[in-house]
Structure formats: structure tokens, C-alpha cells
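Because the structure is predicted, anything quoted here is derived from the model rather than measured.
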Amino acid sequence: MQESAERLLIIDDDEMFCHVLDRALSRRGFEVLVAHDATQALSLARRHQPQLATLDLKLEHESGLKLLPELLQIVPECRVVVLTGYSSIATAVEAIKLGAVNYLCKPADADEVLMALSRAEGDPATEVADNPPSINRITWEHIQKVLQEHDGNISATARALGMHRRTLQRKLQKRPVRR
């Protein structure tokens, strides 16, 4: 491994995704570190001081949003892209407010990740959707917003939404509705 290779920390509980992204980024000359949970991620960050990181929004038992400030406290100059299969406007806004440089929906390949990590400015040419989001998408976004307001607490979120906790859990296990 080259001494000057940039260090990139992948934080994701999906081992296959990590393996594929690790191989693709290693081939592009990065020194890749992989963590599957917050404890491992923070330990690797302290030891190796990565310049770049990808952070899964929804780790198995943890929120990537809670991990983000801790990671940036250890490595303030680290450029972090939040990746998720459960995207919502609320979590995208919070990720950026907490210090992420970008937010990508999965599946994302190595080129998309590198593009997101390298972009320092917003793009005013980004297309605006022609149609408003569906009612199902608006419902998904609202649930995500309320969940975020309750720090990921399912029971408190269910109470705030006036629904049974198990109903909310079933809704959260589903993939987000497309626009």
C-alpha cells in the first residue's frame, strides 16, 4: 500500500456491501478500513485518522446520525458521506447539519461515493421533480421526521403518531416508497 494513499473508513453493517465497496475503492488506490458498528468505527477512527468516510444511516442497533458527531469529534477534517436505503428529507437535512458533506441513497457504487465525497459545493442545476411526492412517500417522510424528533425511540414515535408500536415497526421495516 502506498504511504500517501488516502484513508477511507467504511461504516456499514452490510458485510457484502462493505466487501464490494472495499475492493472497488482499494483498486482506486485508497487505503480502506471497514467497521460494522459504532464501537469499531470510533476505534479505527482514533487509530488511523481517516480523511474520508462512508456512514450507513441505519446500523443494526445504532443510528448513523448519532455516530456522525462522535466521528467528527475524533477526526474533524474527515469528509463523511451518509449512505442509506431508508432515505428521507428529515434524515438528509440532519446528516448535513451534523457535518456530513453529502447524503446518498443505496444502492450506490464506488464512483457515486467518490463523486459525493469530492463535491464541496451544492449544484444549482439539480433537477426539481415534475410531480409532487405520492401520499405514501409523504407518510414515509413524516414518520421519519417524527422518529428523528424522538431520537429513534420507536415507542415514543408510535405514541406521537397515534399508532401501535408494532404497526410502526412493520412500516419501518419496509423500504421507503419511491416518489
Under the rule for side-chain hydrogen bond (donor to acceptor under 3.5 Å, both in side chains), what residues qualify as partners of Asp22, not counting sequence neighbours? Ser26
For Ala108, what residues pass the side chain to side chain contact (heavy atoms under 4.5 Å, CB included) criterion, not counting sequence neighbours? Leu83, Leu104, Glu112, Val113
Under the rule for side chain to side chain contact (heavy atoms under 4.5 Å, CB included), what residues qualify as partners of Ala110, not counting sequence neighbours? Leu21, Ala24, Leu25, Arg28
Sequence neighbours excluded, every pair satisfying salt bridge (Lys or Arg N to Asp or Glu O under 4.0 Å) that has a member inside residues 52-65: Asp56-Lys106
Cluster companions of Ile154 among Ile, Leu, Val, Met, Phe, Trp, Tyr (side-chain spacing under 4.5 Å): Ile143, Val146, Leu147, Leu161, Met163, Leu168, Leu172
Pairs flagged by salt bridge (Lys or Arg N to Asp or Glu O under 4.0 Å) wherever residues 33-53 is involved - sequence neighbours left out: none
Leu65: which residues meet the side chain to side chain contact (heavy atoms under 4.5 Å, CB included) condition with it, sequence neighbours left out? Leu57, Ser63, Thr91, Glu94, Ala95, Leu98, Gln148
Linked hydrophobic residues, Met16 as query - side chain contacts closer than 4.5 Å: Val20
Please identify each residue that fulfils salt bridge (Lys or Arg N to Asp or Glu O under 4.0 Å) with Arg165, with sequence neighbours left out. none
Which pairs, with at least one residue in residues 64-74 and sequence neighbours excluded, count as a side chain to side chain donor-acceptor pair (under 3.5 Å)? none
Would you confirm whether Arg7, through its side chain, and Gln51, through its main-chain N or O, come within 3.5 Å as a donor-acceptor pair? no
Quick check: does any side chain N or O of Thr157 sit under 3.5 Å from a backbone N or O of Asn153, one acting as donor and the other as acceptor? yes
